[in-house]
There are 2 protein chains.
Amino acid sequence: MTRPVGKIRDVAKATGLSIATVSRVMNGGKNVSPNTRDKVLAACKQLNYLPNPAARALSTSRSKTVAAIIPTIEHSIFAKYIASIEHSLAQRGYSLVIAISHGDLDEELAAAQKLLGMGAEAFILSGADHHPDLLDLFTQRGVPHVYSSIWQPASAAPSIGYDNTALARAAMDYLTGHGHHHIAVLHGPLTESDRTRDRQAGAQAAQRDGLTLDFHETSLDVAGGKAATRALLQSANRPSAIFCFSDVLALGALFALSEAGLRVPEDVSVMGFDNLDWSGETAPALTTINLPATRMGAEVGTQLMDHLDNGTPLGPVRLDGAIVERASVAPVTRRG
Amino acid sequence: MTRPVGKIRDVAKATGLSIATVSRVMNGGKNVSPNTRDKVLAACKQLNYLPNPAARALSTSRSKTVAAIIPTIEHSIFAKYIASIEHSLAQRGYSLVIAISHGDLDEELAAAQKLLGMGAEAFILSGADHHPDLLDLFTQRGVPHVYSSIWQPASAAPSIGYDNTALARAAMDYLTGHGHHHIAVLHGPLTESDRTRDRQAGAQAAQRDGLTLDFHETSLDVAGGKAATRALLQSANRPSAIFCFSDVLALGALFALSEAGLRVPEDVSVMGFDNLDWSGETAPALTTINLPATRMGAEVGTQLMDHLDNGTPLGPVRLDGAIVERASVAPVTRRG
DNA sequence: CCAAATTTTGTAACCGGTTACAATTTGATC
DNA sequence: GATCAAATTGTAACCGGTTACAAAATTTGG
């Protein structure tokens, strides 16, 4: 039985009050006598009334919706991040719309246009590398937006994230500190992600005499990590450590090594990047870099909401990651 | 420079045309002379005009937004599913809003109210087990909705998914067909998911003389699978096979087994459920049940959009899963 | 060249809320 | 009980589009 839902004028009629009063009750009910409030609330229940969101959005110019455009949601730290954003927004009655860009700037632009035309008030982007038209669009329309998963204080928009370069550098230092002189670095497509490029730069920066660094680009999934590892095991002198720019890649490396009959960390050390929820459970437990995905989601959410609600200015935030030492990296054994 | 964005009346003024004509141009431009269209489009660009979504939604009663409420997005098949829904919706200009219920009916209800008050036109739920008030809400307001990840033709709303019971049963038959007489079943919290309960019922149905079935409830993540497996390895007579209701659980089992020095499948067989993108990459490759998450997302999306756009009635769809044989299950070796 | 049919354009009434401002009621004080 | 301030309620003007219907312009064709 789908009887027509009530409108605010019906509620007003039913209670003998004016629509203004009903509206007041629906929005916190400040300056309304308790008696009136009860009457209105009862009528709402009875008439099955809920304020029309479009009408409300039209008169207030607020939709309480924020959009996140992410490169991918599958098998990665993004799921954790998105969950955190959603949680943070939901706390204050905001909703999250998402779009997936597949790491493509044009797709990202198209998604943003769609979401803008859908009512999104603010945008969460990944990285600092975007279509120029997208930035124009945001600037011209005054749409608040932040870059995330990156920390780059000089970027066009506030960046809320971690310093990929420094973190990758720290990992390299950790590895060389354990005596590794030949390290393979596994990473996803460089063209698709400035975060990956930053990490590469960080790893590169650790370069010095007596250190051999092999970079291998592969697809950003377990299969990619496995295939790349298999390939590098073919080569005559294999690295003593494999540094993966993602735990997912590291998982693939672990499997490839296991299949090749090599022990981790005795024969080869493996280091990851992300610290996903299962990273401590692998055999052996993965040494990796913890990324503050949950804190990042919370920070991004609250900053945007504070800005939308109170005009608090947006600002860059540097969240710190940290090496989490587990069992997959060991000091290199002297040989030759 | 954030100059105020143009409204439709500004465009009308700028072109010397009426707002009706501008509106026509913005919506397909049927019955508009090419000359006029060009003039309007130029003015739009020049004035930086985009139709206000709230105003449009108010007068058309359409928001082109559908909501999905899922139990979790992390470490599971849901990410793949959500990506597919988003893809399908984006094709036709629809947007996806998501909320996470953590498997709690009250949270789900609250999320639905929020999303309804945000403009969502249709809902995608998981499973068939929901708060009675939620169903009332949908029925009273005539909100289209489907249940997914489940197939249950008699349910209150159309269910679009696979038959969890039959699939679990098939997996059990596969395992017993390989000579397993003692099987441990690892599953997530029964109270949180009717899909889990269905799978349990399916596994239970395979029960017969000479078959020992041990059910173990654990947390639905790698750590849970690992812990449960460790625990069951303590017991005096260990199972010859472990059937996990999720590949994530199976991954945990694999790690626990590896740490215990047991070989898969020689010592213990492991079977999963989901067929995530990495399931074929584990060592050994995981025998599992493929769930059509991508097709499910597409089906859910198109059904809802067809219904919203053309009134096509919604209907249940049974998608089929299938056992994918890989290396983690072997015929039981005779012993005692 | 004019009438009728067709296409293009304009007018104005919605859609369903919020909110500034005015009007009314309540109640406190003398 | 009269006066004035504070609290409550009402009136009506928005918000910015869409669209039914009317009017004007254009095309058709006899």
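These numbers come from the heavy atoms of this one structure, side chains and all, not from hydrogens, waters or symmetry mates. Proteins come first, then strands; the chains are lettered A, B, ... in the order of their sequence lines, and each starts at number 1.
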Overall bend - the helix from C/dC1-D/dG30 to C/dC30-D/dG1, comparing terminal axes fitted on five pairs, nearest 10 degrees: 30°
Taking only Lys NZ, Arg NE, NH1 and NH2, and the carboxylate oxygens of Asp or Glu, determine whether B/Arg62 and B/Asp309 approach each other closer than 4.0 Å. yes
Name all residues meeting the side-chain hydrogen bond (donor to acceptor under 3.5 Å, both in side chains) criterion together with A/Ser88; count only those two or more places apart in sequence or in a different chain, and write none if there are none. none
Mind checking what makes ring-ring contact (aromatic ring centres under 6.0 Å, His included) contact with A/Phe123, not counting sequence neighbours? A/Phe138
Rounded to whole angstrom units, what separation is found between the NZ atom of B/Lys13 and the P atom of C/dG10? 14 Å
Apply salt bridge (charged side-chain N to carboxylate O under 4.0 Å, His left out) to the pair A/Arg195 and A/Asp129, showing each step before the final yes or no. CA-CA 9 Å; A/Arg195 280 90 66 218; A/Asp129 192 18; over 6 Å; no
Name all residues meeting the ring-ring contact (aromatic ring centres under 6.0 Å, His included) criterion together with B/Tyr94; count only those two or more places apart in sequence or in a different chain, and write none if there are none. none
Compare all side-chain heavy atoms of B/Leu105 with those of B/Leu134 and state whether any distance is below 4.5 angstrom. no
Expected string for nucleotides 8-19 of chain D under the B/S/- scheme (protein heavy atoms, under 4.0 Å, primed atoms plus P, OP1, OP2 as sugar-phosphate) is BBBBB--BBBBB
Can you pull out every side chain to side chain donor-acceptor pair (under 3.5 Å) where at least one residue sits in residues 144-162 of chain B? Sequence neighbours excluded, please. B/Tyr81-B/Ser148
Going by atom types alone, do A/Gln91 and A/His87 pair a side-chain donor with an acceptor below 3.5 Å? yes
